[in-house]
J.: 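A single structure is presented below for examination.
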Number of protein chains: 2
Amino acid sequence: MARNSKASSTPAVKAQLVEAQDRFIASWGRMGSVWGISRTMAEVHALLYITGKPMCTDEIMDRLRVSRGNVSMSVRSLLEWAVIEKVRLPGDRKEYFQAEQDVWSMLRAIARERIKREVDPLLDALDEIGELAPQIGSHSPEDVVALQRRLDGVREGFGLITTLTHKFAGPRGAGLQTAAKLLAKAPVGRIGRSTKHLKSRTGARP
Amino acid sequence: MARNSKASSTPAVKAQLVEAQDRFIASWGRMGSVWGISRTMAEVHALLYITGKPMCTDEIMDRLRVSRGNVSMSVRSLLEWAVIEKVRLPGDRKEYFQAEQDVWSMLRAIARERIKREVDPLLDALDEIGELAPQIGSHSPEDVVALQRRLDGVREGFGLITTLTHKFAGPRGAGLQTAAKLLAKAPVGRIGRSTKHLKSRTGARP
DNA sequence: ATAAGATTTCAGAAAAATCTGAAAATACAA
DNA sequence: TTGTATTTTCAGATTTTTCTGAAATCTTAT
């Protein structure tokens with residue numbers, strides 16, 4: 001097959017590009033369901049991220065083949081997650097949306113939102129349950145002691161996770177890269193998965 | 001209301017205990033759906049964890065009011081996740097199940113499984129897409145460069161997460177507590193959520 | 001103000017996930 | 001082995017989630 005060396009895309013290259021984008025969108029969308037967000041919401045995000053282009057509702061509808069209402073709701077959620085933002089082009093009545101382009105701040109937003117949805121409610125429930133449960137006294141039965149000990153165990157674990165997430169992924173956090181750097185230095189033995197995905201193809205951001 | 005000071009539970013204390021357990025089970029089960037595992041699966045795990053007692057299929061069915069088939073499938077998944085294990089009592093034909101009691105190793109198992117289900121497939125897809133997409137040459141159009149750059153960004157971010165998870169949560173990993181300790185030391189500014197959940201009620205594990 | 005254009009909402013339709021229950025398979029004790 | 005207790009499987013029922021499409025609402029240029 002012929003190599004493309006021109007600075008503007010040939011139709012063939014363009015098609016490959018779109019194909020790659022579609023595949024990315026599909027993968028990201030598949031993951032969405034694992035995260036408990038709707039496939040469409042994940043796909044909209046993927047589309048905006050991978051194209052990097054601000055898009056309006058109709059463009060998104062056409063590209064993903066989903067309804068107007070679905071796009072509207074997905075976009076609203078993504079705005080709440082703070083992983084996309086609204087853009088207005090002067091002289092155009094439509095709203096456009098574009099994705100956060102920095103991967104690390106995107107990951108931080110995702111982490112933040114997931115903690116909020118998954119862990120915080122659990123911690124609140126644990127506090128409540130701990131108070132509702134029989135309290136430990138000087139001669140408490142073993143059952144009661146064990147229950148409180150287990151509740152505390154979970155609370156301690158998830159509490160720490162929350163604290164660290166706020167510390168590193170919070171709006172004013174140190175950043176995930178900082179965390180990663182700290183951890184990467186740690187003296188530990190062998191690792192399982194290969195690290196081939198770290199051989200950056202283009203030399204990634206600083 | 002009267003205080004209980006005996007070493008064996010009065011019926012009233014027992015009732016409170018069961019009530020607290022049920023609440024814990026409900027909370028944990030609710031979280032299950034956020035994690036993309038079935039409510040029942042999470043509830044079975046919660047039940048086994050919070051009671052600490054090995055239980056057989058019938059006990060689980062009765063306590064959670066779910067069908068035999070559902071328990072069977074949930075238990076199988078939990079065994080795959082390696083957060084519960086099979087126990088056989090001599091002279092009893094039934095299988096009993098008990099939950100991992102150490103919170104940290106439970107959290108590690110959860111982290112491991114989630115990475116496996118969420119991130120690994122994405123990384124594989126990204127590798128594939130990166131190869132399928134137009135490659136960057138000396139005069140590639142901007143589109144192509146941008147696509148590869150974005151793919152690499154995601155790959156780098158999730159790749160790092162995977163690597164760290166293996167390092168700290170893997171079967172031979174350094175442990176989440178080690179990671180937590182490293183991170184807790186890091187010099188960072190303010191944090192959002194309160195840390196009240198860290199005021200351990202019983203003084204948690206070493 | 002008005003009207004055209006754009007967005008949101010939401011009831012019901014469609015799709016997906018989960019659960020049940022009973023039949024089939026399996027494991028164990030005798 | 002044989003009989004019985006136990007577990008697994010899975011087709012269909014149920015429940016939950018997601019999506020559609022059109023009416024209602026909102027926005028903005030004139």
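Labels below follow one simple rule: chain letters A, B, ... track the order of the sequence lines, proteins then strands, and each chain is numbered from 1.
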J.: Would you call B:Arg117 and B:Glu113 a salt bridge, using N to O less than 4.0 angstrom?
T.: no

J.: Please determine if A:Lys94 and A:Asp58 form a salt bridge, counting it only when a charged side-chain N lies under 4.0 Å from a carboxylate O.
T.: no

J.: Does A:Phe24 have any ring pair (Phe, Tyr, Trp, His ring centres under 6.0 Å) partners at least two apart in sequence or in another chain, and if so, which?
T.: A:Trp28

J.: In whole angstrom, what separates A:Leu89's CG from D:dT28's P?
T.: 14 Å

J.: Could you list all the salt bridge (charged side-chain N to carboxylate O under 4.0 Å, His left out) pairs where at least one residue sits in residues 14-25 of chain B, not counting sequence neighbours?
T.: A:Glu128-B:Arg23, B:Glu19-B:Arg23, B:Asp22-B:Arg63

J.: Taking only Lys NZ, Arg NE, NH1 and NH2, and the carboxylate oxygens of Asp or Glu, determine whether B:Asp152 and B:Arg149 approach each other closer than 4.0 Å.
T.: no

J.: If a protein heavy atom is under 4.0 Å from the base, mark B; if only from the sugar-phosphate, S; if neither, -; do that for nucleotides 7-19 of chain C going 5' to 3'.
T.: BBBB-------SS

